[in-house]
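Take a look at the structure below.
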Protein chains: 2
Amino acid sequence: MASTRGTSFGSSRAEVAAAKLADILAGQQTGARLGTKEEVRASVDASLSLASFNETLRLLQSRGLVTVRPGPGGGVFVAEQSPMARLGNALLGLNIDRSTVGEAVRIRNALEALVVEDACLYATRADVAAMEQALARMRDALREEDGIEFLHSNWELHSKIAATARSEILSSLYLSLLDLVEEHTISVRSAGPMSLTEFHRERLGIHEDLVRAIEQGDLVEAAATVELHNKGLGVEARPSRGHRRR
Amino acid sequence: MASTRGTSFGSSRAEVAAAKLADILAGQQTGARLGTKEEVRASVDASLSLASFNETLRLLQSRGLVTVRPGPGGGVFVAEQSPMARLGNALLGLNIDRSTVGEAVRIRNALEALVVEDACLYATRADVAAMEQALARMRDALREEDGIEFLHSNWELHSKIAATARSEILSSLYLSLLDLVEEHTISVRSAGPMSLTEFHRERLGIHEDLVRAIEQGDLVEAAATVELHNKGLGVEARPSRGHRRR
DNA sequence: CAGCCTAATTCATCATGATGGTTATTGACA
DNA sequence: TGTCAATAACCATCATGATGAATTAGGCTG
């Protein structure tokens, strides 16, 4: 299980040491004592300075991987990682490529039903107003035949919908996936043969239905619309541009 | 937008400074220069030592929030955080309470369809064998009327199914949610009035159908079974035990 | 034996100074 | 004018030493 999952990118000595220590940690039971800070430092990288090793420990602490305690018998301990922390770390370690984006879309669609359900239950009048505003932007974009703007306003609508969800975990998950998709999507097109404008008109209609269902709190209608929404979508992704170096 | 979202728990000076700097960052455009390291340190917390501030910067760097560059005109810059990093860190900072668990179940159910779909498409014979093994454990548990064991074997089955999914993001998401639910679930019961054994018998049947559908790669049947699977489930969660202090 | 106090252990943070690596700018030179 | 080398601005990391706070172990008292 001690795989070398690169934590993003470890160019600094502190991060390299963190990766190494994380690997050591993976082979230990939670709660185990690794030794005093000094001992651990020496075993990870004897040439690492105290300051840098403090950075290492700070990183791992913030990821919920270790605990450091003072006093006799103190030192560095393997933390019990909450599933949430594990999830967070698992996602942090993933690198984004083209296929990831496709999967993100798929997952997002699966979550759409939940988000919309929540919106039906909890959306306030102000929330609905915000959605209407996004819808208006979509209409404008359609009239102007501005595909990019159409996409953006559509995303805005979805994020407004997601913002009403009560569950923090659901909304952050959904919004992040939306972000992820946004960042890597060039264009969306119909799955079938259809002119772009016509396609957009149809999409707009679906979203109008969606907002109406949310406004009326009609769970059944909303679910049906979501299903319609998720059908017939083709997403064209571009390869990750990585993180621009500058 | 500049909310004080506590990153887990910021007791150390470095983390406090990181939170503060993150708030400052939120009001800046990507790529903006905040100044030299020394200037930024002074503006965030003049009494913070260099070593601690280095920890601060390391944390924010690992979260993809800042970049630090050497050379004339160098210093601390606002970076754009990748959605994945944002998601990971958002989840790291969430604390688990009772409602979270309920939401996790809900999300897990929504993902179940995707996972099973993947299993239908990609499961090898060996995968199916592993699933059968878990099924056998479930049958034993049913015979012994061992509710706990039934739960555990059921979870094992689900994790075997999820393990076949191709998409890393889907499977880690699903498995982590499963973990989370496991760790906080006391028991599962029927939504209606039904004896526990009878309930378990029904659940077993559903899971047998599921594995059969996967084995045959029958997407339609699998989807129907998943829907059946997600209905009529009551989960009894216990409050988070927090993180034991020791 | 229980409870309390002291001492020892270990981490947290600060201060300061030094060396070496990156990067942008400047100025000389072909 | 274009190229290249020297220079200066900055960061990364190391080394050392000091102070204070947290925490535990052990001993002492009632």
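This is a predicted model, so every value here is computed, not measured. Numbers restart at 1 for each chain; the letters A, B, ... are given by sequence-line order, proteins then strands.
- For A:D146, there are no salt bridge (charged side-chain N to carboxylate O under 4.0 Å, His left out) partners two or more places apart in sequence or in a different chain.
- In this structure, the nucleotide among D:dT13, C:dT13, D:dC11 sitting nearest to the side chain of B:V68 is D:dC11.
- Every residue two or more places apart in sequence or in another chain that forms a side-chain contact (heavy atoms from CB on, under 4.5 Å) with B:A85 is listed here: A:L92, B:Q81, B:S82, B:N89.
- Residues passing the side-chain contact (heavy atoms from CB on, under 4.5 Å) test with B:S176 are A:L87, sequence neighbours excluded.
- When the ring pair (Phe, Tyr, Trp, His ring centres under 6.0 Å) test is applied to B:F150, the partners found at least two apart in sequence or on another chain are B:H200.
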Could you go through nucleotides 4-9 of chain C and list every protein N or O atom that sits under 3.5 Å from one of its N or O atoms, giving the distance for each pair?
residue : atom : partner : partner atom : Å
C:dT9   : O2   : A:P72   : N            : 3.4

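- For A:A119, the side-chain contact (heavy atoms from CB on, under 4.5 Å) partners are A:I161, A:T164, A:I214, not counting sequence neighbours.
- Residue pairs satisfying the salt bridge (charged side-chain N to carboxylate O under 4.0 Å, His left out) criterion with at least one member in residues 150-177 of chain A, sequence neighbours excluded, are listed as follows: A:R137-A:E156.
- The 5' end of DNA chain D is approached more closely, in terms of each residue's nearest nucleotide, by A:R13 than by the other of A:R13 and A:G74.
- Contact check, B:R69 against D:dA9: no side-chain N or O comes under 4.0 Å of OP1 or OP2.
- For A:R58 and C:dT13, the shortest distance from a side-chain N or O to OP1 or OP2 is below 4.0 Å.
- Every pair passing salt bridge (charged side-chain N to carboxylate O under 4.0 Å, His left out) that includes a residue from residues 35-49 of chain B is listed here, sequence neighbours excluded: B:R13-B:D45, B:E38-B:R41.
- The CG-C1' distance, from B:N54 to D:dC10, rounds to 13 Å in whole Å.
- Other residues, nucleotides and ligands contribute over 12 non-hydrogen atoms within 6.0 Å of the CD atom of A:Q28.
- Taking only side-chain nitrogens and oxygens, B:S52 comes nearer than 4.0 Å to OP1 or OP2 of C:dC14.
- Among residues two or more places apart in sequence or in another chain, the side chain to side chain donor-acceptor pair (under 3.5 Å) test is passed with A:S52 by A:S49.
- Of the residues in residues 32-49 of chain A, those lying under 4.0 Å from DNA chain C by heavy-atom distance are A:T36, A:K37.
- With rounding to whole Å, A:Q61 atom CD is found 14 Å from C:dT13 atom C1'.
- Residues satisfying the salt bridge (charged side-chain N to carboxylate O under 4.0 Å, His left out) test with B:R106, not counting sequence neighbours, are A:E117, A:D118, B:E103.
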Give me, pair by pair, the N or O atoms of the protein and of nucleotides 17-20 of chain D that are less than 3.5 Å apart, along with how far apart they are.
none

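- Between B:H152 and B:W155, the gap from one ring centroid to the other is short of 6.0 Å.
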